[in-house]
Chemist: 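Handing you a structure now.
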Amino acid sequence: MAKVMFYGTGRRKNAVARVFLSPGEGSVTINNKPLNEYFGRRTLEMIVRQPLELTGALARFNIRAKVLGGGISGQAGAIKLGIARALVQADPNLRPPLKRAGFLTRDPRMTERKKYGLKKARRAPQYSKR
């Protein structure tokens, strides 16, 4: 018997998350660690759970995510987008509420590259008259 699984890819800043949803009791595993152990911050755990709470699917799916790159905040945002996309794949009727909440929109903000002659992207060397 083939196991039913739904897939969604999420990206945020430099983080990329591959999210797999399978019918289950609601466990969330990120890089083979439980959600609270991986992030350690309640706010980031809330960000990851937002699409599930909105659709009422907290206890309907087991979530397994593989995330790499970026920092923990970007990773949480990437997982959120991946979960939202996988939920739409599982049930197309969930698309309007997820779209209305902005969970299906990829955040395009990226870090600006460093320019030559400057210390950072926009930070110029300190000016000295002499």
Chemist: Please list, one pair per line, the donor and acceptor atoms closer than 3.5 Å that link side chains of residues 57-65 to other protein atoms, with sequence neighbours excluded.
Modeler:
from: N62; atom 1: OD1; to: E25; atom 2: N; distance (Å): 3.1
from: N62; atom 1: OD1; to: G26; atom 2: N; distance (Å): 3.0
from: N62; atom 1: OD1; to: S27; atom 2: N; distance (Å): 3.1
from: N62; atom 1: OD1; to: S27; atom 2: OG; distance (Å): 3.3

Chemist: Considering only heavy atoms from C-beta outward, does the side chain of N14 approach that of M110 to under 4.5 Å?
Modeler: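 Yes, their side chains come closer than 4.5 Å.
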Chemist: Looking at residues at least two apart in the chain, or sitting in another chain, which of them share a ring pair (Phe, Tyr, Trp, His ring centres under 6.0 Å) with F20?
Modeler: Y7
Chemist: Could I get the full list of salt bridge (Lys or Arg N to Asp or Glu O under 4.0 Å) partners for K66, not counting sequence neighbours?
Modeler: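 K66 satisfies salt bridge (Lys or Arg N to Asp or Glu O under 4.0 Å) with no residue once adjacent residues are dropped.
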Chemist: Give the table of side-chain donor-acceptor pairs shorter than 3.5 Å for residues 72-85, with sequence neighbours excluded, one pair per line with atom names and distance.
Modeler:
from: Q75; atom 1: OE1; to: Y38; atom 2: OH; distance (Å): 2.7
from: Q75; atom 1: NE2; to: G69; atom 2: O; distance (Å): 3.1
from: K80; atom 1: NZ; to: Q50; atom 2: OE1; distance (Å): 3.3
from: R85; atom 1: NH1; to: T9; atom 2: O; distance (Å): 2.7

Chemist: Let me have the donor-acceptor pairs involving side chains of residues 40-48, under 3.5 Å, with sequence neighbours excluded, atom names and distances please.
Modeler:
from: R42; atom 1: NH1; to: E45; atom 2: OE1; distance (Å): 3.4

Chemist: How would you list, by chain and number, every residue that makes a side chain to side chain contact (heavy atoms under 4.5 Å, CB included) with K119, sequence neighbours excluded?
Modeler: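 Per chain and number, K119 pairs via side chain to side chain contact (heavy atoms under 4.5 Å, CB included) with R123, P125.
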Chemist: Run the salt bridge (Lys or Arg N to Asp or Glu O under 4.0 Å) test against R109 and tell me which residues pass, sequence neighbours left out.
Modeler: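 Here the qualifying residues are D107.
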Chemist: For D91, check salt bridge (Lys or Arg N to Asp or Glu O under 4.0 Å) against everything at least two apart and list the hits.
Modeler: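 Partners of D91 by the salt bridge (Lys or Arg N to Asp or Glu O under 4.0 Å) criterion come out as none, since no residue qualifies.
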Chemist: Taking only residues two or more places apart in sequence or in another chain, which ones pass side chain to side chain contact (heavy atoms under 4.5 Å, CB included) with P23?
Modeler: V4
Chemist: Among residues two or more places apart or on two chains, list those pairs meeting ring-ring contact (aromatic ring centres under 6.0 Å, His included) that have a residue in residues 96-130.
Modeler: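 For residues 96-130, and leaving out neighbouring residues, there are no ring-ring contact (aromatic ring centres under 6.0 Å, His included) pairs at all.
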Chemist: Which atom names give the shortest non-hydrogen contact between V19 and L21, and what distance separates them?
Modeler: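 What the structure gives for the nearest pair is CG1-CD1, 3.8 Å.
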Chemist: Of T55, L104, L54, which meets side chain to side chain contact (heavy atoms under 4.5 Å, CB included) against L94?
Modeler: T55
Chemist: Taking all non-hydrogen atoms of both residues, which atom of P96 and which atom of P92 are closest, and how far apart?
Modeler: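 In terms of heavy atoms, the two residues are closest at CD-O, 4.1 Å.
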Chemist: Rounded at 0.5 Å granularity, tell me how far CG in N93 sits from CG in L98.
Modeler: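 CG of L98 is found 11.5 Å from CG of N93.
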Chemist: Among residues at least two apart in sequence or on other chains, which ones pass side chain to side chain contact (heavy atoms under 4.5 Å, CB included) with E112?
Modeler: K115, A121, R122
